[in-house]
2 protein chains.
Amino acid sequence: MPRKTDKRERLIEAAKNLIHKQGFNLTTLADIAQEAEVPLGNVYYYFKTKESIGEAVIKERGTDLETRLKLWEEIPDVKARLKKYIDYSIEEADQTARYGCSIGGLCQELGKKGGPLSDAVAKLLNDTLEWCEGQFRSLGYGQKANELALNLVSAVQGMYLLTHTFKDPQITTRQARNLRGLVDQAETSSKLATA
Amino acid sequence: MPRKTDKRERLIEAAKNLIHKQGFNLTTLADIAQEAEVPLGNVYYYFKTKESIGEAVIKERGTDLETRLKLWEEIPDVKARLKKYIDYSIEEADQTARYGCSIGGLCQELGKKGGPLSDAVAKLLNDTLEWCEGQFRSLGYGQKANELALNLVSAVQGMYLLTHTFKDPQITTRQARNLRGLVDQAETSSKLATA
DNA sequence: GTCTATATACAGATAGAC
DNA sequence: GTCTATCTGTATATAGAC
């Protein structure tokens, strides 16, 4: 079974994990090369700069996210879709406690530097926001859908931050249960507006 | 008016601002020295390591926070105290849009490295949490006070992250108004439990 | 396409004159 | 206490043999 040159993919995968664990700034090309079992000098055949690796990683995160959102989109019950989004945070709780949110963390870190990478990650959070907004609109909320989406995503990101800060997955468990309840209560009135 | 050696304080002040703007990892001692108008070599007379500067900065952030919390504590109406906490985020909205939360950002960044600095910033967030919990307890919430505090601080931190990510102070304005409303509605029932 | 050796830049930290 | 010059390590990136 002759393995094709999957080096590029190995490098992206390694970078993806390391950047999540250590952050972008603290992750060196040497780290990535070692993790991917690729000689350092060879890295530059696939990526001109460290920034371009970051770009590839964010792109990967983007397709991962899109895959999830599209998958959840197929759930018939709209509220169940939103609850899937919340449940996902529970599945990831241990990882979050250790390394934080793979998207939110980058938004925070890269947001200070500005530049193309910063915009690219911000877009991922924006995609999430828009997806949620779409769901709330399907639930019948018109103008308010935007605000509700902001409330939900904001709550989830805050939950991630606290979970990471205190390295306690249970914070996610508790908060996610809460958020789930909110989605459940939605529909009938504008109670979700207070989420 | 012979100015005493306020160099140490100038260094801390410079570091405090630069770390907020650029993050800890990207802020160099040369940056700090220049901003404080202190020769690079002289920095080491006041601080043995970069980490010890970080320690001093976090300590400063801690006293700033404590000052605020103690000040708000003097407000007679308990709900007004919590609303002060929320209003503070509005005052800082422009800064937040540019540089993020001065505490939350460090929690995120230092949380991945672990170590004493990480614990020190985490404590600041924990102090905030405990302060809020105390307020909710004063409002008559017993067991639930802890959860309500988590909800509120989490919501505020999420709001900060989105504000920073999209560099839009209005996100804070909108969300803060929402959170204010939640605090207002509290008391009567357990509605705040769904915050 | 691959990999070793190395250039270049700059970070944190120190030595030692003043 | 102060500051210049510098050491040392390490990061990104390149050169060039294979």
Side-chain angles (χ1 to χ4, degrees), chain A residues 1-59 106 109-110 112-118 120, chain B residues 1-59 106 109-110 112-118 120:
Chain A
M1 195 198 269
R3 190 180 305 268
K4 241 338 188 15
T5 14
D6 55 348
K7 284 191 182 174
R8 194 191 148 88
E9 280 147 45
R10 288 217 310 275
L11 284 167
I12 294 177
E13 187 64 20
K16 193 170 145 185
N17 292 327
L18 285 169
I19 288 172
H20 188 194
K21 289 185 197 177
Q22 307 177 333
F24 181 78
N25 295 324
L26 288 185
T27 298
T28 69
L29 293 171
D31 287 338
I32 297 169
Q34 187 176 29
E35 179 87 1
E37 292 180 295
V38 170
L40 177 56
N42 199 2
V43 171
Y44 288 91
Y45 177 76
Y46 298 98
F47 300 97
K48 288 194 207 313
T49 64
K50 184 185 177 182
E51 185 133 331
S52 70
I53 293 189
E55 196 184 320
V57 166
I58 292 170
K59 195 174 174 182
L106 281 178
E109 191 178 11
L110 300 176
K112 304 208 178 200
K113 306 213 293 187
L117 281 192
S118 171
Chain B
M1 193 198 271
R3 192 179 303 268
K4 238 346 184 12
T5 14
D6 54 350
K7 283 191 182 174
R8 193 191 149 87
E9 281 147 46
R10 287 217 311 275
L11 284 168
I12 294 178
E13 186 65 20
K16 192 169 145 186
N17 292 328
L18 285 169
I19 288 172
H20 188 194
K21 288 185 197 176
Q22 308 177 334
F24 181 77
N25 295 323
L26 288 185
T27 298
T28 69
L29 292 172
D31 287 339
I32 297 169
Q34 187 176 28
E35 178 87 1
E37 292 181 296
V38 171
L40 177 56
N42 199 2
V43 171
Y44 288 91
Y45 177 77
Y46 297 97
F47 300 96
K48 288 194 208 312
T49 63
K50 185 186 177 183
E51 185 132 329
S52 70
I53 293 188
E55 195 183 321
V57 167
I58 292 170
K59 194 173 174 181
L106 281 179
E109 191 178 11
L110 300 176
K112 305 209 178 200
K113 306 213 293 188
L117 282 192
S118 173

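Each chain gets a letter, A, B and so on, in the order its sequence line appears, and its residues count up from 1. Note: hydrogens, waters and symmetry copies are ignored here, and every other heavy atom, side chains too, is used.
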Which atom pairs, one a donor and one an acceptor, fall under 3.5 Å between side chains of residues 31-46 of chain A and the rest of the protein, sequence neighbours left out?
from  : atom 1 : to    : atom 2 : distance (Å)
A:D31 : OD1    : A:T28 : OG1    : 3.4
A:D31 : OD2    : A:T28 : N      : 3.2
A:D31 : OD2    : A:T28 : OG1    : 3.2

Partners passing side chain to side chain donor-acceptor pair (under 3.5 Å) against [X] (at least two apart in sequence or in another chain):
X      : result
B:E55  : none
B:K113 : B:N25
A:S118 : none

Any side-chain N or O of [X] less than 4.0 Å from the OP1 or OP2 oxygen of [N]?
X     : N     : result
B:Y46 : D:dT2 : yes
B:K7  : D:dT2 : yes
B:Y45 : D:dT2 : no

What's the shortest heavy-atom distance between B:F24 and B:E51, and which atoms?
CZ-CA, 4.4 Å

Any residue of residues 12-19 of chain B with a heavy atom less than 4.0 Å from an atom of DNA chain D:
none

Return all side-chain donor-acceptor pairs below 3.5 angstrom for residues 11-19 of chain A, not counting sequence neighbours, or 'none' if the list is empty.
from  : atom 1 : to    : atom 2 : distance (Å)
A:K16 : NZ     : A:E60 : OE1    : 3.2
A:K16 : NZ     : A:D64 : OD2    : 2.7
A:N17 : ND2    : A:E13 : O      : 3.3

Overall bend of the helix from C:dG1-D:dC18 to C:dC18-D:dG1 (five pairs an end, 10° steps) is 10°

All N/O pairs under 3.5 Å across the protein-nucleotides 13-18 of chain C interface:
from   : atom 1 : to    : atom 2 : distance (Å)
C:dA13 : OP2    : B:K50 : N      : 2.8
C:dA13 : N7     : B:Y44 : OH     : 3.1

Assuming nearest nucleotide by heavy-atom distance, tell me which of B:T27 and A:P39 is located more 5' along DNA chain C.
A:P39

In whole Å, what is the span from the CD1 atom of A:I53 to the P atom of D:dA11?
14 Å

Listed by chain and number, what are the side chain to side chain contact (heavy atoms under 4.5 Å, CB included) partners of B:E9, not counting sequence neighbours?
B:D6

